[in-house]
Amino acid sequence: MIQKEDLIATHQRITPFIHETPIFTSHLLNGIAEAELFFKCENFQRMGAYKMRGATNAILQLTKEQREKGVVTHSSGNFAQALSLAAKSLGVKAYIVMPSSAPQVKKDAVTGYGGTIIECEPTLRARNTMAQEIQSETGATFIHPSNDRNVIAGQGTACMELLREQPDLDVVVVPVGGGGLIAGTALAAHHFGNDCKVVGAEPFEVDDAYRSLKSGKIESNDTTNTIADGLKTQLGDKSFLLIQKYVEGIVRVGEDEIIAAMKLVWERMKIVIEPSSAVAFAAVLRKKNRFIDKKVGIIISGGNVDLKNLPF
C-alpha cells in the first residue's frame, strides 16, 4: 500500500525534474456542464503528458548499479517518450521496445528524447518477449508503463498538486488506460482530499476497466477501435486492486462524444489536448446529473496529438 508519506516523498523527489502544471478554468465550459470545473493541464508537462512523473520516480528509485545498466520498457506512446526523457535527464540509458506499427512521429519523439528503439511485432507477447531479451542481454531494469508501484506513486502527484490548490473538490475525473493514472489519483484523493471521490472515464470501445469492476477480475478488450489511442492498454493487477478499493465508478463514452469534448476544449480553452484527455471531460458531459453543481477536477492527461490526423 502506498501511504500518504510515500506520495509526499515522491513529489519531493521528482519536483526538480518535472513541471508543476497549471490548473485552468472556463466559465463557458462550467455553464455547459452546470458544474465548477478545474482542469489539471498535464498537456503542459515535460514531453507533453503526466507519464513524465511516474517515469522519473521509477528511475530515481533505482540503485546506482541499476542506473548504470539502464532501463527498458515496452510502449508505443507517451510512456516510451516519458521514460526516454526521464532517463536522459538522469544520465541513464533507455531501451524502448515499440511495435513496428507505431506511428513514425512517435518513434521520432523517442529518439529525439534519447531513447534507443527496438522494434517488434505489434502483439503484447512480442513486446514482452523482446523486453525480456533486452533485460537478459544488458541487465537493464524493466519498468512497466502503468503496473508499477513507483510509477503509480509518481502519477498520483498530479492530483496532489490539484488538491493542494483546490482542497474542496467533490470529485476528480480521470481517463483509464493501463490504470496507473487513476490508481495514483485515487490514492492522492484518499490521502489528501476532503471526501473527494474519483471517477474513471473510458471509451465504450475499450471498456475493460468498467467490466473488470463489474466482474471483480481483470477483463480484456476484444477490439481497440477508439480514437483515444492512449487508453488501449490493459489494466494491471497492482492498479486494479487500488481501483477496486478507491474508485467510485467508471463512466463510458462514445467516439463522437470524445471528439466533441476535444473540440470544445480546443475551441474554448485554446489548449491542445489529445483524444485520451478528452475522455474525462466527455464523461462529465455525458453524466451531467452526476456532477451538476459540484466542484469537479479533470485531469488533462496529455497533449501529444498528430496534427496531420485531427478528428475535426
Side-chain angles (χ1 to χ4, degrees), residues 2-23 40-75 77-96 106 108-117 140-165 174 177-178 180-185 187-188 191-192 230 239 272-274 277 299-304:
I2 299 169
Q3 304 297 334
K4 185 174 185 177
E5 53 268 26
D6 296 325
L7 288 174
I8 293 169
T10 295
H11 193 255
Q12 291 172 341
R13 188 181 301 121
I14 68 174
T15 291
F17 305 98
I18 64 163
H19 296 321
E20 179 156 341
T21 53
I23 298 164
K40 177 62 170 169
C41 294
E42 287 292 291
N43 51 319
F44 293 119
Q45 189 51 263
R46 291 186 69 197
M47 59 66 55
Y50 73 92
K51 293 193 176 185
M52 187 67 188
R53 296 172 180 270
T56 301
N57 189 47
I59 296 176
L60 285 170
Q61 293 287 69
L62 299 178
T63 65
K64 181 175 180 290
E65 291 74 18
Q66 286 175 315
R67 290 197 210 182
E68 286 171 354
K69 292 180 179 178
V71 291
V72 58
T73 195
H74 53 65
S75 168
N78 283 339
F79 196 76
Q81 297 172 54
L83 195 69
S84 297
L85 181 56
K88 184 179 181 180
S89 300
L90 296 165
V92 174
K93 178 83 172 172
Y95 302 94
I96 312 295
K106 293 187 176 181
D108 292 344
V110 169
T111 53
Y113 288 135
T116 298
I117 295 174
T141 300
F142 178 73
I143 297 177
H144 193 280
S146 56
N147 199 43
D148 178 286
R149 185 181 186 276
N150 293 321
V151 170
I152 290 169
Q155 318 306 29
T157 61
C159 184
M160 278 179 65
E161 292 174 3
L162 175 59
L163 287 168
R164 189 173 60 206
E165 296 296 317
V174 57
L181 178 61
I182 192 170
T185 298
L187 282 167
H191 289 308
F192 299 97
S239 53
V272 173
I273 70 168
E274 59 193 69
S277 298
I299 306 243
I300 298 290
S301 53
N304 293 325

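A pairwise comparison of heavy atoms in L7 and H191 identifies CD1-CD2, 3.8 Å as the closest pair. N57 and G154 get closest at one heavy-atom pair: ND2-N, 4.0 Å. Scanning all heavy atoms of the two residues, the minimum distance from R67 to V92 falls at O-CG1, 3.6 Å. Shortest non-hydrogen contact noted between S84 and G115 is OG-CA, 3.5 Å.
Panel note: side chain N304, backbone M47; a donor-acceptor pair is recorded below 3.5 Å. Formation of a donor-acceptor pair under 3.5 Å by the T141 side chain with backbone atoms of V71 is not found in this model. Side chain of S146 to backbone of G180: no donor-acceptor contact under 3.5 angstrom is found.
Side-chain atoms of L85 and F17, non-hydrogen and from C-beta on, never get closer than 4.5 Å to each other.
Test E42, Q155, H19 against R53 for side chain to side chain donor-acceptor pair (under 3.5 Å) and you get one pass: E42. Checked options R46, Q45, K40; the residue passing with T21 is K40 (criterion: side chain to side chain donor-acceptor pair (under 3.5 Å)). I96 pairs with exactly one of T116, T111, L83 by the side chain to side chain contact (heavy atoms under 4.5 Å, CB included) rule, that one being L83.
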- request: Determine, stepwise, if the pair F192 / R164 fulfils side-chain contact (heavy atoms from CB on, under 4.5 Å).
  value: CA-CA 8 Å; F192 299 97; R164 189 173 60 206; over 6 Å; no

- request: Please step through side-chain contact (heavy atoms from CB on, under 4.5 Å) for the pair Y50 and I299, ending with a clear verdict.
  value: CA-CA 9 Å; Y50 73 92; I299 306 243; 5.5 Å; no

query: K64 and E68: salt bridge (charged side-chain N to carboxylate O under 4.0 Å, His left out), yes or no, with the steps?
result: CA-CA 6 Å; K64 181 175 180 290; E68 286 171 354; 2.7 Å; yes

message: Applying side-chain contact (heavy atoms from CB on, under 4.5 Å) to H11 and E161, what does each step give before you reach the verdict?
response: CA-CA 9 Å; H11 193 255; E161 292 174 3; 2.8 Å; yes

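Rounding to the nearest 0.5 Å gives a distance of 11.0 Å between CG of N78 and CG of L181.
Aromatic pair H144/F79: ring centres not closer than 6.0 Å.
Scanning for salt bridge (Lys or Arg N to Asp or Glu O under 4.0 Å) contacts around D108 gives an empty result, with sequence neighbours left out.
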